[in-house]
Amino acid sequence: QSHLVESGGGLVQPGGSLRLRCAVSGFTLDSVAVGWFRQAPGKEREGVSCISRSGLTRNYADSVKDRFTITRDKDTVYLRMYSLKPEDTAVYYCKVWSSAEYWGQGTQVTVSS
């Protein structure tokens, strides 16, 4: 019943921008913490950003700090990405911490010339 669906990925040039979206159902979004992770081919999944239940605390990996911004509204979590670099290429996943941990299926971001 509870699930997450990511969207908004695509192919962009270095220096470009994207806005990822995570549509959330089965949760009261303001009562759960949400985060974004990414996984590049052959690499472990890594944390990118998260936002607290209150929305007042946001964390970012050093590699994306000042370039990415996480926000949310009633039913969607966003990751705005600016100044994208080739090393940002990965599948990006949304995660919700609730009574259990839930993951979406991911959306591909490719940064390349």
Side-chain angles (χ1 to χ4, degrees):
Q1 292 182 0
S2 300
H3 58 93
L4 316 174
V5 179
E6 300 95 335
S7 62
L11 173 64
V12 297
Q13 299 276 3
S17 62
L18 285 172
R19 185 182 69 168
L20 306 185
R21 297 175 293 279
C22 175
V24 176
S25 62
F27 302 99
T28 301
L29 197 52
D30 62 1
S31 69
V32 297
V34 189
W36 287 94
F37 291 71
R38 67 186 182 187
Q39 188 168 25
K43 293 185 175 293
E44 296 182 350
R45 189 171 298 186
E46 63 177 344
V48 176
S49 181
C50 62
I51 184 168
S52 67
R53 292 177 295 175
S54 69
L56 298 177
T57 301
R58 297 171 174 84
N59 294 311
Y60 300 93
D62 288 342
S63 60
V64 307
K65 191 175 298 182
D66 299 323
R67 298 190 299 117
F68 291 11
T69 302
I70 187 170
T71 58
R72 67 183 183 193
D73 58 23
K74 293 179 180 179
D75 57 10
T76 307
V77 185
Y78 304 91
L79 185 68
R80 293 174 172 83
M81 307 186 295
Y82 305 97
S83 301
L84 284 162
K85 305 174 181 179
E87 50 263 45
D88 294 319
T89 295
V91 178
Y92 284 71
Y93 298 90
C94 185
K95 180 181 180 179
V96 167
W97 287 266
S98 184
S99 57
E101 296 180 353
Y102 297 90
W103 294 88
Q105 295 300 306
T107 185
Q108 176 72 50
V109 172
T110 302
V111 185
S112 176
S113 299

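Start at 1 with the first residue, then count along the sequence.
Between the side chains of Tyr82 and Asp66, not a single donor N or O lies within less than 3.5 Å of an accepting N or O. With hydrogens and angles left out, the side-chain atoms of Arg58 and Ser49 include no donor and acceptor closer than 3.5 Å.
Between atom CG of residue Leu18 and atom CG of residue Leu84 there is a gap of 5.5 Å, rounded to the nearest 0.5 Å. A distance of 11.5 Å separates CG in Asp30 from CG in Asp75, rounded to the nearest 0.5 Å. Distance check, rounded to the nearest 0.5 Å: CE of Met81 to CD1 of Ile70 gives 12.0 Å. Annotation: the span from Leu79 atom CG to Tyr60 atom OH amounts to 7.5 Å, rounded to 0.5 Å.
Atom CZ of Arg80 has more than 12 neighbouring heavy atoms from other residues, nucleotides or ligands inside a 6.0 Å radius.
Formation of a donor-acceptor pair under 3.5 Å by the Ser54 side chain with backbone atoms of Leu56 is found in this model. Between the side chain of Glu46 and the backbone N or O of Gln39, no donor-acceptor pair lies under 3.5 Å. Between the side chain of Thr110 and the backbone N or O of Leu11 there is no donor-acceptor pair closer than 3.5 Å.
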Could you list the donor-acceptor pairs under 3.5 angstrom formed between side-chain atoms of residues 86-95 and any protein atom two or more places apart in sequence or on another chain?
from	atom 1	to	atom 2	distance (Å)
Asp88	OD1	Arg38	NH1	2.9
Asp88	OD1	Arg67	NH2	3.0
Asp88	OD2	Arg67	NH1	2.8
Asp88	OD2	Arg67	NH2	3.3
Asp88	OD2	Lys85	N	2.8
Thr89	OG1	Pro86	O	2.9
Thr89	OG1	Val111	N	2.9
Thr89	OG1	Val111	O	3.4
Tyr92	OH	Arg38	NH1	2.9
Tyr92	OH	Asp88	O	2.6
Lys95	NZ	Glu101	OE1	3.3

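Each side chain to side chain donor-acceptor pair (under 3.5 Å) pair with one or both residues in residues 13-29, not counting sequence neighbours, appears once here: His3-Ser25.
With Trp103 as the aromatic partner, Arg45 meets the cation-pi criteria of under 6.0 angstrom to the ring centre and within 45 degrees of the ring axis.
Phe37 and Val64 fall into different hydrophobic clusters, defined by Ile, Leu, Val, Met, Phe, Trp and Tyr side-chain heavy atoms under 4.5 Å apart, directly or through other members. With hydrophobic clusters built from ILVMFWY side chains whose heavy atoms lie under 4.5 angstrom apart, Val5 does not share a cluster with Val109.
Using a 4.5 Å heavy-atom cutoff, the side chains of Glu6 and Leu20 are not in contact. In this structure, Tyr102 and Val24 have side chains that are not in contact, with every pair of non-hydrogen atoms separated by 4.5 Å or more. At a threshold of 4.5 Å between non-hydrogen side-chain atoms, the residues Phe27 and Val34 do not count as touching.
Of all the heavy atoms in Thr107 and Gly9, the pair that sits closest is OG1-N, 3.1 Å. For the pair Trp97 and Gly35, the tightest heavy-atom approach, listed with the atom from each and the gap, is CZ3-N, 3.5 Å.
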